[in-house]
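Before any comments, here is the structure.
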Amino acid sequence: MGDTYEDTIDHVERSQARLDLTLAGLSEEQARGASALPGWSRGHVATHLARNADGLRRFVVGVRSGVPSEMYPGGPDARAAAIEEGADRPVDLLAADLRFAGGRLIDDLRAVGSTGLDTPVKWRTPVPARFIPALRWRELEIHHLDLAVGYTCDDWPSAFVESTLATELPALAALAPDLVPPALPRAELLAWLIGRPTRPDLPTVPTWPF
């Protein structure tokens, strides 16, 4: 049996705590240094994660109030501008912003009543509100790796690896039915699937929205 909504929030809380420790240990030079994402510093990644928490929280507030909200008012341009504006802040502000935004989202996720969990929210495609914690969990774990400060796919919790593969391997099969996933350890298979391959010469995955 899969994790419940509450279980997934617990996973998110633990992932947030690990990420907070990583951010707290960064130097100013490291925060300005390049992440694993082209064109983004570690400050960009941290700011993106904070603004992602704010965006997902807008979904939660909309579910609780009955008034739907966009994830990023102003669309992709406003989202990109907010990330760029925050990326060069001192590392203690980057860490505090991410810690506050992430913690506030967790608190609000716990306050969603069971009757609201099937309410659709307008993510890339409409998804039920019960899926919001999983969306956040993916952001935290995948972008923790993208900080490129020693956290690797082997550090991903096995529950995260298995729950993500359970949805994304079937999605890949539908997207590219002729592509055979390589024989890899489970964490490395997920890393390959989401465009973070750990080895050369692996099959190319179609563009993936992570």
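FYI, side chains are in, hydrogens and waters are out, and symmetry mates aren't considered; it's all heavy atoms of this structure.
- Using a 30° and 60° split on the angle between ring planes, H11 and W137 fall in the parallel class, below 30°.
- Two different hydrophobic clusters hold L147 and L93 under the rule that ILVMFWY side chains link at heavy-atom gaps under 4.5 Å.
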List, one per line, each side-chain donor-acceptor pair under 3.5 Å for residues 97-113, sequence neighbours excluded.
from: D97; atom 1: OD1; to: R51; atom 2: NH2; distance (Å): 2.9
from: D97; atom 1: OD2; to: R51; atom 2: NH1; distance (Å): 2.8
from: D97; atom 1: OD2; to: R51; atom 2: NH2; distance (Å): 3.4
from: D97; atom 1: OD2; to: R89; atom 2: NH1; distance (Å): 3.0
from: D97; atom 1: OD2; to: R89; atom 2: NH2; distance (Å): 3.0
from: R104; atom 1: NH2; to: D54; atom 2: OD1; distance (Å): 3.2
from: D108; atom 1: OD2; to: R57; atom 2: NE; distance (Å): 2.4
from: D108; atom 1: OD2; to: R57; atom 2: NH2; distance (Å): 3.4
from: R110; atom 1: NH1; to: D10; atom 2: OD1; distance (Å): 3.3
from: R110; atom 1: NH2; to: D10; atom 2: OD1; distance (Å): 2.9
from: R110; atom 1: NH2; to: E13; atom 2: OE1; distance (Å): 2.8

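- In this structure, CD on E139 lies 4.0 Å from NE2 on H48, to the nearest 0.5 angstrom.
- Taking 4.5 Å as the limit, every side-chain heavy atom of V60 sits out of range of all side-chain heavy atoms of V63.
- Applying the 6.0 Å contact sphere to CD of E28 captures more than 12 heavy atoms from other residues, nucleotides or ligands.
- Closest non-hydrogen pair, T8 versus D3, comes out as OG1-CB, 3.8 Å.
- Contact between V12 and P133 at its shortest, heavy atoms only, is CG2-O, 3.3 Å.
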Which is it for I83 and W40 under the side-chain contact (heavy atoms from CB on, under 4.5 Å) test, yes or no, and what are the steps along the way?
CA-CA 10 Å; I83 293 170; W40 270 18; 4.0 Å; yes
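- With a 4.5 Å cut-off on side-chain heavy atoms, L190 and F160 count as touching.
- Interatomic distance, T198 OG1 to D154 CG, rounded to the nearest 0.5 Å: 8.0 Å.
- No side-chain donor-acceptor contact under 3.5 Å links T47 and H44.
- Remark: side-chain polar atoms of T164 are not paired, donor with acceptor, to backbone N or O of V161 under 3.5 angstrom.
- No side-chain donor from either of S15 and H144 sits under 3.5 Å from a side-chain acceptor of the other.
- Cluster annotation: V61 and V121 are assigned to distinct hydrophobic clusters (Ile/Leu/Val/Met/Phe/Trp/Tyr, side-chain heavy-atom contacts under 4.5 Å, transitive).
- In this structure, CG on L23 lies 9.5 Å from CG on L21, to the nearest 0.5 angstrom.
- The shortest non-hydrogen separation linking F131 to R138 is CZ-NH2, 3.9 Å.
- Atom-to-atom distance recorded for Q30:CD and T22:OG1 is 10.0 Å, nearest 0.5 angstrom.
- Looking at heavy atoms from C-beta onward, R58 lies in side-chain contact with P73 at the 4.5 angstrom threshold.
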Are E168 and I194 close enough, and set up right, to give a side-chain contact (heavy atoms from CB on, under 4.5 Å), and what steps lead you there?
CA-CA 9 Å; E168 301 313 314; I194 62 171; 5.6 Å; no
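- V45 has its side chain within reach of L49: a pair of non-hydrogen atoms, C-beta onward, lies under 4.5 Å apart.
- With contacts defined as side-chain heavy-atom distances shorter than 4.5 Å, the pair R196/D146 qualifies.
- Of all heavy-atom pairs between P157 and R18, the closest is CG-NH2, 3.2 Å.
- Between L179 and P203, the shortest heavy-atom contact is CD1-CB, 3.7 Å.
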Check the pair Q16, R136 against side-chain contact (heavy atoms from CB on, under 4.5 Å), reporting the backbone distance first and the verdict last.
CA-CA 10 Å; Q16 177 76 46; R136 181 58 177 172; 3.5 Å; yes
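- Under the 4.5 Å side-chain criterion, counting only non-hydrogen atoms from C-beta, P181 is in contact with W192.
- Within the 4.5 Å cutoff, the side chain of V91 has no heavy atoms near those of the S27 side chain.
- Here D77 contributes atom CG and Y72 contributes atom OH; the two are 14.0 Å apart, rounded to the nearest 0.5 Å.
- Between P185 and R199, the shortest heavy-atom distance links the atoms CD-NH2, 3.7 Å.
- Here L26 contributes atom CG and L94 contributes atom CG; the two are 8.5 Å apart, rounded to the nearest 0.5 Å.
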